[in-house]
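What follows is a set of notes on a single structure, which appears directly below.
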Amino acid sequence: MFRDHPLFSLENIYRAYRQCRRHKRNTVNAMLFEQNLEENLVSLHEELTIGSYWPGRSMAFLVEKPKQREVFAADFRDRVVHHILVGYLEPRWERWFIHDSYACRKGKGTHRGVERLQSFTRQVTANGTRRAWYLQLDIRGFFISIDRDILYERLAAKETDPAVLWLIRTLVFYDPTENCSMRRASRADFEKLPAHKTLFKAAPHCGLPIGNLTSQFFANVYLDALDQFVKHQLKVRYYARYGDDLVLLSEDRAVLERQEGQIGEFVFDELRLTLNDRRRLRPVSDGIDFLGYIVRPDYLLVRRRVVGACFERLARAENALIQQGLTVDDGARQVYPWPWPVLEAVYE
């Protein structure tokens, strides 16, 4: 079906596998895949080239911090396929994405987003010499509410290769709730979640699993329509987005109130999404709670929750190292002769 397609070549599959294992090599699924590496890569190559590939069973679990949410972890084999597709699509879509979208993009991230927002606060307030306002919005149940038909149409509008379209369809319309396994939770635990926080209660053809590389990329594709609307139709000069968290700044409060209504109408009419009720429209001088920081024109503050989470991880790392005998008592304090286990424990 797709014989000799460069996207599904053994070389490209192996390259995607190498990228995928960077941070997953010590997981059980990654080690099982590596035990029969050549056989697994060849098998994946065959399934992709004849068009018989279908995602395997996902692992569903709940995380409690910073807030309760469900995560669907794809099998390592499927993660390799995710890297194949995103590796192909990402460079192409980067040409269309706006500059000030910061989630899950190379050269972007939380720190760049915060720095950019602080730069905006300085510009809109003329370095703190005039009053300005910010409007902060987010999407209600964003990942659970993504309409897969709209997502596929947006992707297909810029892609004509039959092999790529087939793989996009396969991954976009796959339902991870079917035959998924659950870790440290039961179906009843997922049923207790609000409808806008679980795929088990999602509307037909709606929802993407939190935890997959493809979901992160698809989210940027989906909201790119909103970015283009805000920048090119509303002509908003000071605008930044990270995931579904949007911040707009202006010298005029009335302008932001009007833009809030226009954005609400756009996301509902074009993307089948709704804005969360807990929006913020406040003076910039109050500080903007964004990506774990309180952002002001002249300084940043790290949120207490972030600091507390850091100390919790350090405490867990220290306890783990003591239990494993990886510390040395120098008479005054516990010291760590090998720094790498410390880092592994902190980022676990």
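When reading the values below, keep in mind they use all heavy atoms of this one structure, side chains included, and skip hydrogens, waters and symmetry mates.
Within a 6.0 Å sphere centred on CZ of Arg112, heavy atoms belonging to other residues, nucleotides or ligands number 12 at most. More than 12 heavy atoms of other residues, nucleotides or ligands sit less than 6.0 Å from atom CZ of Arg116. Shown here is His5, whose NE2 atom has more than 12 heavy atoms of other residues, nucleotides or ligands within 6.0 Å. For Lys192, the NZ atom sits in a loose shell: 12 or fewer heavy atoms of surrounding residues, nucleotides or ligands are nearer than 6.0 Å. Heavy atoms of other residues, nucleotides or ligands lying less than 6.0 angstrom from CD of Glu38 number 12 at most. Atom CZ of Arg278 has 12 or fewer heavy atoms from other residues, nucleotides or ligands within 6.0 Å. Atom CG of Asp4 sits in a sparse spot, with 12 or fewer heavy atoms from other residues, nucleotides or ligands closer than 6.0 Å.
In this structure, Gln228 contributes its side chain and Trp96 its backbone to a donor-acceptor pair below 3.5 Å. Listed for the Thr177 side chain is no donor-acceptor partner under 3.5 Å among the backbone atoms of Phe200. Judged by distance alone, with hydrogens and angles left aside, the side-chain atoms of Tyr293 form no donor-acceptor pair with the main-chain N or O of Glu115 at under 3.5 Å. Using modelled atom types, one side-chain atom of Asn12 and one backbone atom of Leu7 make a donor-acceptor pair closer than 3.5 Å. Looking only at distances, a side-chain donor or acceptor of Asp147 sits under 3.5 Å from a matching main-chain atom of Asp149. Checking side-chain atoms of Thr121 against main-chain N and O of Gln118 turns up a donor-acceptor pair under 3.5 Å. Of the possible polar contacts, none joining the Glu70 side chain to the Ala60 backbone as a donor-acceptor pair under 3.5 Å is found. Panel note: side chain Arg57, backbone Asn179; a donor-acceptor pair is recorded below 3.5 Å. The main-chain N or O of Ala74 is found under 3.5 Å from a side-chain atom of Arg79 such that the two form a donor-acceptor pair. The closest donor-acceptor contact from the side chain of His45 to the backbone of Phe8 lies under 3.5 Å.
A 4.5 Å side-chain heavy-atom check between Ile139 and Leu271 finds every atom pair outside the cut-off. Using a 4.5 Å heavy-atom cutoff, the side chains of Trp133 and Asp252 are not in contact. You'll find the side chain of Phe76 reaches within 4.5 Å of the side chain of Val80, heavy atoms only. When side chains are defined from C-beta on, Leu273 does not count as touching Leu226, because their heavy atoms never get closer than 4.5 Å. Between Tyr17 and Leu37, some side-chain heavy-atom pair lies under the 4.5 Å cut-off. The closest side-chain heavy-atom distance from Glu191 to Lys201 is below 4.5 Å. A heavy-atom distance below 4.5 Å is found between the side chains of Arg296 and Leu301. Residues Leu234 and Ile263 meet the side-chain proximity criterion, which asks for heavy atoms closer than 4.5 Å.
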Assess whether side-chain hydrogen bond (donor to acceptor under 3.5 Å, both in side chains) is satisfied between Asp227 and Tyr239, documenting all intermediate values.
CA-CA 9 Å; Asp227 294 338; Tyr239 168 77; 2.7 Å; yes
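Looking only at atom types and distance, the side chain of Gln123 has a donor-acceptor partner in the side chain of Ser119 under 3.5 Å away. A donor-acceptor pair shorter than 3.5 Å can be found between the side chains of Ser186 and Asp189. Asn220 and Tyr222 share no donor-acceptor pair across their side chains, judged by distance under 3.5 Å alone.
Between Thr125 and Pro297 the shortest heavy-atom distance is OG1-CG, 4.1 Å. Residues Arg187 and Met182 approach most closely at N-SD, 3.4 Å, considering heavy atoms. Residue Tyr102 comes nearest to Tyr242 through the heavy atom pair O-CE1, 3.4 Å, listed as atom of the first residue, atom of the second, then distance. Across every non-hydrogen atom of Gly243 and Leu223, the tightest pair is O-CD1, 3.4 Å. The minimum heavy-atom distance linking Ile13 with Leu41 is given by the pair CG2-CD2, 3.8 Å. The shortest non-hydrogen separation linking Ser215 to Pro209 is OG-O, 2.7 Å.
Leu199 and Ile210 are not part of a single hydrophobic cluster, where members link through side-chain heavy atoms under 4.5 Å apart. In terms of hydrophobic clustering, with Ile, Leu, Val, Met, Phe, Trp and Tyr side chains grouped at heavy-atom distances under 4.5 Å, Ile144 and Leu208 are assigned to different clusters. Both Val230 and Leu281 are part of a single hydrophobic cluster, where members link through side-chain heavy atoms under 4.5 Å apart. Each of Ile294 and Leu249 belongs to its own hydrophobic cluster when Ile, Leu, Val, Met, Phe, Trp and Tyr are linked at side-chain heavy-atom distances under 4.5 angstrom. Val172 is connected to Val164 through a chain of hydrophobic side-chain contacts under 4.5 Å among Ile, Leu, Val, Met, Phe, Trp and Tyr, so both are in one cluster.
For the atom pair Leu246 CG and Glu260 CD, the distance stands at 10.5 Å (nearest 0.5 Å). Considering CZ of Arg105 and NE2 of His99, their distance stands at 8.5 Å, rounded to 0.5 Å. With rounding to the nearest 0.5 angstrom, the CG atom of Asp244 is 12.5 Å from the CZ atom of Arg140.
Phe2 and Trp166 have tilted rings, their planes meeting at an angle from 30° to 60° on a 0 to 90° scale. Between Phe173 and Tyr152, the angle of the ring planes lies from 30° to 60°, which puts this pair in the tilted group. Ring geometry for Phe190 versus Phe72: interplanar angle of 30 to 60°, hence tilted.
For the pair Asp224 and Arg154, the salt-bridge criterion is met [side-chain N within less than 4.0 Å of a carboxylate O]. A salt bridge does not link Glu94 to Lys106: none of the charged nitrogens lies less than 4.0 Å from a carboxylate oxygen. Salt bridge status for Glu46 with Arg3: present, with a side-chain N to carboxylate O gap under 4.0 Å.
Here the options are Pro55, Cys20, Ser58, the test is side chain to side chain contact (heavy atoms under 4.5 Å, CB included), and the partner is Asp78; only Pro55 passes.
Note that Arg183 lies in the cation-pi zone of Phe61, set by a 6.0 Å cut-off to the ring centre and a 45° limit from the axis.
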